[in-house]
Amino acid sequence: MISSLQLAKICGVSQGTVDRALHDRGGISPRTRKLILDAAEKHGYLANPAARELMTGRSCWVGAVLPSMTSPFFSDLFEAIRESLALEGLRLLWTSASSDGEVIEVLSDFAARRARAAIVVPPDSSLDIPANIAKSMHVFCLINPISSKNVSILYPDEVMTGYTGAEYLYSKGHRRILYMNYSRKSQANIDRLNGYLSFMEKKNLKPEVMSPFIPEELISECRSGKGPTAIFCMYVSGAFRNWPSS
């Protein structure tokens with residue numbers, strides 16, 4: 001692949017003339033424009049998006065940082081986000097980070113590369129995004145609320161999620177409702193558990209909580225006939241992969 005400078009030399013014009021032809025700007029004749037476009041196609045020239053972004057100060061992509069790349073929940077959520085961004089002519093580039101420090105490093109890289117915006121699912125609520133990052137691009141935080149300034153927080157009512165989840169199982173006749181969750185200490189997990197506990201207390205039912213999830217313990221309870229009649233659980237990667245059929 002050749003550069004725009006090499007393309008200019010092939011056509012016997014300036015690099016600025018090549019730029020005007022490739023971006024359909026005025027200031028050159030139709031003959032010269034055709035000469036340059038034909039040469040670009042012949043020699044396989046592709047514009048360098050990074051160079052264009054540096055010149056314009058704008059990019060066409062949005063960065064995303066997730067705690068996990070394997071979670072079906074995050075995959076479905078960010079696929080929907082990708083489709084919405086595509087309608088606006090934007091691309092979504094995502095990666096994972098398991099600690100606050102890693103998240104900050106990734107966000108710093110996004111900002112340095114002039115990302116249009118960044119979407120973050122914080123590992124926990126302690127994440128503090130530096131002001132210089134939040135001011136250089138729009139940062140959205142999902143799922144887990146944080147206290148950083150200049151950041152947009154999109155956070156569902158997880159207390160109500162926990163409450164209505166238990167309420168639904170109760171309406172189906174269940175009274176022994178096990179709340180099962182992974183052990184990550186996120187605000188969403190805390191709020192969801194509090195919602196479950198609030199409903200169980202309202203109905204004078206004994207709450208049963210397993211966090212972290214211990215497959216062998218639950219299997220033993222179920223086989224003994226003393227296990228719960230319903231399980232209210234979050235997705236736990238691989239948790240039920242080897243679940244026995246009997």
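- Trp61 is not listed as a side-chain neighbour of Leu90, based on a closest heavy-atom distance of 4.5 Å or more.
- Proximity of a side-chain donor or acceptor of His174 to a complementary backbone N or O of Leu169 within less than 3.5 Å is not detected.
- Across Leu93 and Phe110, no two heavy atoms sit closer than the pair O-CZ, 4.3 Å.
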- Glu167 vs Ser171, side chain to side chain donor-acceptor pair (under 3.5 Å): CA-CA, chis, key distance, verdict: CA-CA 6 Å; Glu167 183 180 45; Ser171 72; over 6 Å; no
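- Residue Tyr155 qualifies as enclosed at atom OH: its count of foreign heavy atoms under 6.0 Å is above 12.
- Here the closest heavy-atom approach between residue Ile129 and residue Ser148 is recorded as N-OG, 2.7 Å.
- Residues satisfying the ring pair (Phe, Tyr, Trp, His ring centres under 6.0 Å) test with Tyr196, not counting sequence neighbours, are Tyr179.
- Taken to the nearest 0.5 Å, the NZ atom of Lys34 stands 12.0 Å off from the OG atom of Ser29.
- Taking hydrophobic clusters as Ile, Leu, Val, Met, Phe, Trp and Tyr residues chained together by side-chain heavy-atom distances below 4.5 Å, Leu37 does not share a cluster with Leu35.
- A distance of 11.5 Å separates CG of Leu7 from NZ of Lys42, quoted to the nearest 0.5 Å.
- With sequence neighbours left out, Ser198 forms a side chain to side chain contact (heavy atoms under 4.5 Å, CB included) with Tyr163.
- Residues forming a salt bridge (Lys or Arg N to Asp or Glu O under 4.0 Å) with Asp109 (at least two apart in sequence, or on another chain): Arg113.
- Heavy-atom contacts from other residues, nucleotides or ligands closer than 6.0 Å to CD of Glu79 number more than 12.
- Residue Ser75 holds its OG atom at 8.0 Å from CE of Met69, rounded to the nearest 0.5 Å.
- The hydrophobic cluster containing Val159 does not contain Ile146, counting ILVMFWY residues as joined when their side-chain heavy atoms lie under 4.5 angstrom apart, directly or transitively.
- Asn144 places a side-chain N or O within 3.5 Å of a backbone atom of Gln187 that can act as its donor or acceptor partner.
- Leu87 and Ile81 fall into different hydrophobic clusters, where Ile, Leu, Val, Met, Phe, Trp and Tyr are joined by side-chain heavy atoms under 4.5 Å apart, directly or via other members.
- Under the rule for a side chain to side chain contact (heavy atoms under 4.5 Å, CB included), the partners of Thr17 that lie at least two apart in sequence or sit in another chain are Val13, Ser14, Arg20, Ile28, Thr32, Ile36.
- Put simply, the side chain of Ile231 does not reach to within 4.5 Å of the side chain of Ile177, judged on heavy atoms.
- Contact detail for Gln15 and Leu5: the closest heavy-atom pair is NE2-N, 3.8 Å.
- Counting only heavy atoms from C-beta outward, the side chains of Leu193 and Leu197 approach each other to under 4.5 Å.
- Atom CG of Leu142 is separated from atom CG of Leu77 by 6.0 Å, given to the nearest 0.5 angstrom.
- Between Cys141 and Pro122 the shortest heavy-atom distance is SG-CG, 4.1 Å.
- Annotation: side chain to side chain contact (heavy atoms under 4.5 Å, CB included) contacts of Pro130 (sequence neighbours excluded): Ile104, Asn132, Ile133.
- Across all their heavy atoms, Pro228 and Arg176 have their closest contact at CB-O, 3.5 Å.
- In this structure, Arg175 and Leu205 approach most closely via the heavy-atom pair O-CD1, 3.9 Å.
- In this structure, SG in Cys11 is found 7.5 Å from NE2 in His43, a value given to the nearest 0.5 Å.
- One finds the CD atom of Glu105 at 7.5 Å from the OG atom of Ser99 (value rounded to the nearest 0.5 Å).
- Judged as a side-chain hydrogen bond (donor to acceptor under 3.5 Å, both in side chains), not a single pair has a partner in residues 83-95 (not counting sequence neighbours).
- Using a 4.5 Å heavy-atom cutoff, the side chains of Val120 and Val139 are in contact.
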- Residue pair Leu107, Met137: steps toward the side-chain contact (heavy atoms from CB on, under 4.5 Å) verdict: CA-CA 10 Å; Leu107 290 178; Met137 63 180 176; 4.2 Å; yes
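- Counting only heavy atoms from C-beta outward, the side chains of Pro123 and Asp100 approach each other to under 4.5 Å.
- Phe232 and Met160 are members of different hydrophobic clusters when ILVMFWY side chains are connected at heavy-atom separations under 4.5 Å.
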